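What follows is a short report on a single structure.
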Amino acid sequence: MTNSPVIGEVRSALASFPGLADVAVVEHGAGQAEQCLIGYVTPAGPGLDVPELHAHARKLLPTGKMPAAIVVVDEIPVTAAGAVDAGALPVPDLDGLLPYRAPDTARQELLCDLFAEVLGVARCGMDNDFFDLGGRSVEAMLLAGRISAALNIRLSMADLFRAPTVAEIEDRLDSR
């Protein structure tokens with residue numbers, strides 16, 4: 001996905017923030033379910049407001065396209081061909097970005113297990129975003145079907161786009 005439209009969209013959203021000299025967006029992670037986008041920015045001068053940059057990105061990007069991290073660097077390294085040298089960029093520590101919150105009820109445990117099963121990850125907590133963990137439309141259809149069958153309810157793929165965490169799905173189910 002190095003030159004994908006998604007990376008271009010995320011790069012454009014970040015680059016529209018005032019005070020940036022350069023922006024790069026790369027995929028990071030080993031497996032499909034572990035891949036996430038990382039934004040790298042070079043400030044045009046002192047005083048870059050990183051929390052404001054995050055807020056700016058959240059306004060422009062849907063949850064599934066938000067970078068897992070935005071890293072400030074002195075410069076964006078490039079290859080001899082002029083492309084971003086992703087291997088020369090620092091790898092951010094993504095551990096602990098979103099603390100794991102265990103399920104409390106049997107239904108929450110079932111939902112967490114279904115998320116993890118469909119995504120092919122070891123575990124999924126209450127607040128882990130389906131799309132941040134690598135879920136795509138096909139997996140969303142599969143997950144919606146499995147949840148619907150397991151709980152004898154009607155849950156659509158659109159419901160997952162509006163409520164991409166177990167906690168949000170739980171809230172929707174409680175309000176029915």
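What you see below is based on every heavy atom in this structure, not just the backbone, and it leaves out hydrogens, waters and symmetry mates. Keep in mind that this is a model prediction, so the values were computed, not measured.
There is no path of hydrophobic side-chain contacts, each under 4.5 Å, that joins V78 to V71.
Across every non-hydrogen atom of E170 and T105, the tightest pair is OE2-OG1, 4.2 Å. Nearest heavy-atom pair, S16 versus A13, reported as atom, atom and distance to 0.1 Å: OG-O, 2.7 Å. Listed here is the closest heavy atom pair of L89 and P77: CD2-CD, 3.3 Å. Of all the heavy atoms in A167 and D127, the pair that sits closest is CB-OD1, 3.8 Å. The minimum heavy-atom distance linking P164 with D129 is given by the pair CG-OD2, 3.2 Å.
Using a 4.0 Å cut-off between a side-chain N of Lys or Arg and a carboxylate O of Asp or Glu, D113 and R146 do not qualify as a salt bridge.
The shortest side-chain heavy-atom distance between C124 and F130 does not fall under the 4.5 Å cut-off. Considering only heavy atoms from C-beta on, V84 stays 4.5 Å or farther from V25 through its side chain. In this structure, the side chains of L110 and L151 come closer than 4.5 Å at one or more pairs of heavy atoms. Taking 4.5 Å as the limit, every side-chain heavy atom of L53 sits out of range of all side-chain heavy atoms of V72. No side-chain heavy atom of V166 sits under 4.5 Å from any side-chain heavy atom of P103.
The backbone N or O of L155 lies less than 3.5 Å from a partner atom in the side chain of S148, making a donor-acceptor pair. D159 places a side-chain N or O within donor-acceptor distance of the main-chain N or O of S156, the cut-off being under 3.5 Å. Judged by distance alone, with hydrogens and angles left aside, the side-chain atoms of H54 form no donor-acceptor pair with the main-chain N or O of A69 at under 3.5 Å. Using a distance-only test at 3.5 Å, with no hydrogens or angles considered, a donor-acceptor pair links the side chain of Y40 to the main chain of P90. Here the side chain of S12 pairs no donor or acceptor atom with the backbone of E9 at under 3.5 angstrom.
Taken from NE2 in H56 to CG in L14, the straight-line distance is 7.5 Å, to the nearest 0.5 Å. The line from CZ of F115 to CG of N128 is 9.0 Å long, rounded to the nearest 0.5 Å. In this structure, CD1 on I169 lies 6.0 Å from CG on L111, to the nearest 0.5 angstrom. The line from SG of C112 to CZ of R107 is 12.0 Å long, rounded to the nearest 0.5 Å. A distance of 9.5 Å separates CG of D22 from CD of E75, quoted to the nearest 0.5 Å. With rounding to the nearest 0.5 angstrom, the CG atom of L160 is 5.0 Å from the CG atom of L143.
Sequence neighbours left out, not one pair with a member in residues 76-92 passes side chain to side chain donor-acceptor pair (under 3.5 Å).
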Full working for side chain to side chain contact (heavy atoms under 4.5 Å, CB included) between L48 and L20: CA-CA 8 Å; L48 176 64; L20 296 178; 3.7 Å; yes
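Atom CG of D174 sits in a crowded spot, with more than 12 heavy atoms from other residues, nucleotides or ligands closer than 6.0 Å.
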